[in-house]
Amino acid sequence: MRVITKIQDMQTEIINLKSQSKSIGFVPTMGFLHEGHLTLLKRAREENDIVVLSIFVNPLQFGPTEDFSTYPRDFDRDQSLAECEGVDYLLYPSVEDMYPHPSSVKVIVQERTNVLCGKSRPGHFDGVATVLTKLFNIVLPTRAYFGKKDAQQVAVVEGLITDFNFPIELIPVDIVREDNGLAKSSRNVNLLPDERRQAVTLYKSLSAAKETIYRGERNPRTITSLISNMIRSETNGEIDYVEIYSYPQLKELETIVGTCIIAIAVKFSKVRLIDNIILEVSQEIGGAK
Ligand code: PAF
């Protein structure tokens with residue numbers, strides 16, 4: 001594995017690889033790799049000749065009160081994990097190399113951002129779209145891998161790739177879950193023992209919602225109430241949101257039909273957890289996958 005810190009060096013390598021018609025699988029991250037990232041790397045390794053991992057804590061996507069300086073970083077550990085997953089190139093640019101002067105252009109995301117987590121993070125997805133535009137231009141990937149845990153980010157990236165005609169295949173990768181259904185996250189370590197048991201209700205409530213839709217319920221309010229009631233009665237968590245939208249457009253639905261997402265965020269004492277399921281729902285009863 002080669003660690004590359006200079007953008008220009010990465011571009012020289014990529015041009016050479018492209019001239020040999022190599023397919024390039026790209027996993028962009030902010031480092032402090034966890035199991036979710038490793039799943040993306042494994043998938044990229046299976047499907048491409050070359051795997052590029054980027055580690056860059058992107059200041060543009062942090063709000064003024066957010067934790068850019070304290071965001072966890074452990075490059076040595078990340079480097080060994082990347083090596084174990086068979087990464088070919090680890091792109092690790094500095095902020096000065098990525099943003100050498102105040103940007104004259106930035107990407108503004110106009111849709112899909114004022115709901116779910118984006119509602120409370122104005123400008124966050126503009127920062128994500130801007131850095132990804134730069135990274136896509138540097139790495140020129142054949143395929144780019146993103147976890148469905150952050151389904152809103154996947155929706156924004158889908159819009160970016162489509163609207164800006166990036167010749168990249170977006171590969172959304174399924175959420176990795178524990179045996180009891182709890183979505184894996186590095187944040188789960190901040191759950192108290194009792195909260196860890198309660199947190200299982202997040203996926204249980206999403207599964208109950210899916211079952212209810214499968215049996216014929218198509219009213220979004222009925223489904224969000226069902227989920228909220230389960231979370232309130234089985235956990236001490238405070239609900240941040242329980243929402244249903246079309247996917248990936250993230251538009252409100254009068255009736256649950258088509259591809260839709262049910263997404264939830266719940267605050268426990270020291271950590272806020274998110275989870276979601278994406279369903280294909282037809283008009284007919286029983287028509288949910
Ligand atoms: O999901 C992340 O880690 C970041 O938002 C990303 C996609 C690497 C852009 O900085």
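Order of appearance sets the numbers: ligands from 1, and atoms from 1 within every ligand.
Of all protein heavy atoms, the one closest to atom 9 (C) of ligand 1 is Gln61 OE1, 3.3 Å. Nearest protein heavy-atom neighbour of atom 2 (C) of ligand 1: Gln153 NE2, 3.9 Å.
Heavy-atom proximity to Thr29, at under 4.0 Å, picks out these atoms of ligand 1: 8 (C). Within ligand 1, counting atoms from 1 as listed, the ones closer than 4.0 Å to a heavy atom of Pro28 are 8 (C).
Contact annotation: Asp150 has no heavy atom less than 4.0 Å from any atom of ligand 1.
With a 6.0 Å cutoff to the six-membered ring centre and a 45° limit on the axis angle, Arg2 does not count as a cation-pi contact of Tyr92.
Checked by atom type and distance alone, the side chain of Gln198 pairs as donor or acceptor with a backbone atom of Asn236 at under 3.5 Å.
Summarising the local packing, NZ of Lys119 is surrounded by more than 12 heavy atoms from other residues, nucleotides or ligands at distances under 6.0 Å. Crowding of Glu158 atom CD: a count of heavy atoms from other residues, nucleotides or ligands under 6.0 Å exceeding 12.
Between Arg177 and Asp275 there is a salt bridge, since at least one side-chain N of the basic residue sits less than 4.0 Å from a carboxylate O of the acidic one.
Contacts of Val131 with ligand 1, taken as heavy-atom pairs under 4.0 Å, involve the side chain alone.
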